[in-house]
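Working notes, structure below.
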Amino acid sequence: MDTRVLELKNFKETGRILGEDEKMIKEAADMIRAGGLVAFPTETVYGLGGNALNAISALKIYKAKGRPSDNPLIVHICDQSFLKYVVKEMPEKAQFLIDKFWPGPMTLIFKKADSIPLKTTGGLDTVAVRCPAHAVANKLIFDADLPIAAPSANISGKPSATSAKHCIEDLMGRVDVILDGGESEIGLESSIIDVTGEIPVVLRPGAVTREMIEDTLGCPVELDPALKGPAASGILPKAPGMKYRHYAPSASMVLVCPKDENSLKNIAPRIYSLIRKNLYSYSRIAALASAECFFMMGISEEDLKTGWKKIGGVDIALKNMGSRNKPEIIAHDVFEDLRDCDRLGIDFIIAEGYREDRLFIAVMNRLKKAANWQIIYV
Ligand code: TXA
Ligand code: MG
């Protein structure tokens, strides 16, 4: 299939949808109405969208993404008036969360309305719903006048797409339109909260944290126990997609994590010794770490700028994730950093693990999966 890449120049320059942009979004919306597929920007990551009310569109999405069809899609709406077509009932707690966090990076799980086909929900009688805080996504949904089913716009298993460049890498020839609206602001997928039971449960951590939800509801919120470890431990995650290997670069990857606050200082020496130990076992190694960690390894600002350092006579790629004090920047860049390792032909990544608080909970969830749970605690 021919894929048309439509660049929203005015939006990228000014943050406003003007002139030609409007026509392009309208064209993409018509494509969705006609049963086609459109990759589009949201504030979290890019989505691979189709008509959420049409089972054939859902099948096309699974095929384009190479995704197992038991892994349900998130239904995107542009305002609450769509909810009556999508969800069967609105729990009181869900309404509180919607009033506080929509539009935004929060997906809620509801009992599904009959109009949502089982193909969209991977056979479940529940549906994941999100209202993005992104002008292009919202206009696309508004113009299509339909809820849009969209998983992240990457080939299944690969790091999520946070720019049109990533969509082009993965989806050229597989979708009808790619709408280029620049980089996704957050860079990590939405938080997923199951509100179908008495106690809300976080199924996937994101920019709306468990603490923010507890503060809003004034009640405890649980974490899906499967977030602690791989599905192999016997616990199946409640979000079916969380059981698959994910966010994976082509390289093998190991994550060096601090046991506690006091062991932060042990990370840099361990990464360094892992590099030395593996120098001749791989053809190209990358270290993926914060600037602070690189400095502790004796790597200079100049080295970080070039992105390479000779260690034991071998060129090691340096992927500087930024400061440990700027989790938003680390979150924004993490998928691009993993994808860049693929572009550089890296076959072994040694990555820094972060203390799991604030946004780092979500970052670490993605890094652990990218590393296929190969974790060393120091
Ligand atoms: O930020 C996001 O959420 C992005 C953008 C495009 O909105 N979308 C996204 O979709 O990350 P996807 O398909 O890559 O991840 C959706 C996750 C999967 O793990 C899936 O299993 C889970 O949501 N999910 C969807 N429907 C569900 C349901 N009814 N019950 C439990 N989990 C569900
Ligand atoms: Mg995904």
Side-chain angles (χ1 to χ4, degrees), residues 38-50 52 58 61-62 64-78 86-88 101-113 116-134 136-138 140-141 147-162 166-167 170-171 179 181 184-197 201-208 224 226-227 231 236-248 331 335 362 365-366 369-370:
V38 174
F40 63 97
T42 86
E43 81 282 24
T44 56
V45 299
Y46 272 65
L48 194 183
I61 292 175
Y62 290 116
K65 199 175 149 78
R67 176 172 186 150
S69 57
D70 69 342
N71 188 357
L73 309 173
I74 294 179
V75 174
H76 295 70
I77 59 176
C78 60
V86 178
V87 313
K88 186 156 255 168
F101 297 112
W102 275 6
M106 178 190 72
T107 295
L108 296 177
I109 309 288
F110 296 94
K111 297 227 163 65
K112 83 169 191 67
I116 300 289
L118 284 167
K119 291 276 182 283
T120 300
T121 63
L124 299 175
D125 60 2
T126 53
V127 61
V129 188
R130 176 164 117 76
C131 178
H134 194 288
V136 173
N138 289 347
L140 179 68
I141 303 164
I148 295 185
S152 49
N154 51 285
I155 291 289
S156 189
K158 285 280 149 202
S160 297
T162 55
H166 298 163
C167 298
D170 282 19
L171 299 176
L179 276 181
S184 292
E185 203 178 304
I186 297 176
L188 295 178
E189 310 84 344
S190 60
S191 313
I192 303 180
I193 322 295
D194 185 348
V195 284
T196 57
V201 186
V202 177
L203 306 189
R204 179 173 71 184
V208 173
D224 185 355
L227 290 173
L236 269 190
K238 290 222 185 78
M242 300 289 276
K243 73 175 178 269
Y244 297 106
R245 187 173 183 208
H246 244 124
Y247 316 122
F335 290 137
N365 170 265
R366 309 318 190 261
K369 290 176 147 203

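Predicted model, so just to flag it, every value in this text is computed and none were measured. If you read the sequence from its start, that first residue is 1, and numbering goes on from there. Start at 1 and go down the list; that is how both ligands and their atoms are numbered.
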- prompt: Taking atom types as modelled and ignoring hydrogens, do the side chains of T44 and R130 form a donor-acceptor contact shorter than 3.5 angstrom?
  reply: yes
message: For ligand 1 and T42, I'd like to know whether there is a polar contact (N/O to N/O, distance under 3.5 Å).
response: no
task: Would you mind listing which atoms of ligand 1 come within a distance below 4.0 Å of any non-hydrogen atom of L124?
output: 28 (C), 29 (N), 30 (N)
message: Please report the interatomic distance SG(C131) to NE2(H76), rounded to the nearest 0.5 Å.
response: 9.5 Å
task: Could you see which bit of R67 sits under 4.0 Å from ligand 1, with heavy atoms only: side chain, backbone, both or neither?
output: side chain
task: Could you tell me if any non-hydrogen atom of K112 lies under 4.0 Å from any atom of ligand 1?
output: no
field: Region of D194 that comes within reach of ligand 1 [heavy atoms, distance under 4.0 Å]
entry: neither
Ligand 1 atoms in contact with S190 (distance to a heavy atom under 4.0 Å): 1 (O), 2 (C), 3 (O)
- prompt: Is the backbone N or O of N154 less than 3.5 Å from a side-chain atom of Y46, with the two atoms forming a donor-acceptor pair by type?
  reply: no
message: Using a 3.5 Å distance criterion without hydrogens, assess whether the side chain of S160 forms a donor-acceptor pair with backbone atoms of V45.
response: no
- prompt: If you round to the nearest 0.5 Å, how far is OG1 of T42 from CD1 of I141?
  reply: 9.5 Å
task: Please say which of T121, V87, V129 ends up in a side chain to side chain contact (heavy atoms under 4.5 Å, CB included) with I116.
output: T121
field: Under 3.5 Å: donor-acceptor pair, side chain of T107, backbone of A128
entry: no
Atoms in ligand 1 flagged as close to K238, the criterion being non-hydrogen separation under 4.0 Å: 31 (C), 32 (N)
query: With a 4.5 Å limit on heavy-atom distance, are the side chains of H134 and P41 in contact?
result: yes
task: Only heavy atoms count here, so choose which of A161, S156, P72, G47 is nearest to atom 25 (C) of ligand 1.
output: P72
message: Heavy-atom count check: over 12 atoms from other residues, nucleotides or ligands less than 6.0 Å from K112 NZ?
response: yes
- request: May I ask you to list the atoms of ligand 1 that are less than 4.0 angstrom from any heavy atom of I192?
  value: 17 (C), 22 (C), 23 (O)
message: Does ligand 1 come near enough to K65 that some N or O of the ligand is less than 3.5 Å from an N or O of the residue?
response: no
message: Below a 4.0 angstrom heavy-atom separation, can you tell me which part of T126, side chain or backbone, both or neither, approaches ligand 1?
response: both
- request: Heavy-atom contacts with H76 under 4.0 Å: which atoms of ligand 1 show up? List them by number with element.
  value: 5 (C), 6 (C), 7 (O)
- prompt: Is the closest heavy-atom distance from T121 to ligand 1 below 4.0 Å?
  reply: no
- prompt: Against heavy atoms of I74, which atoms of ligand 1 measure under 4.0 Å?
  reply: 3 (O), 8 (N), 9 (C), 10 (O), 16 (C)
field: Check: N71 N/O within less than 3.5 Å of ligand 1 N/O
entry: yes
message: Is there a salt bridge (Lys or Arg N to Asp or Glu O under 4.0 Å) between K369 and E189? Walk through the geometry before answering.
response: CA-CA 14 Å; K369 290 176 147 203; E189 310 84 344; over 6 Å; no
- prompt: Can you tell me if S152 has an N, O or S atom under 2.8 Å away from the Mg ion (ligand 2)?
  reply: yes
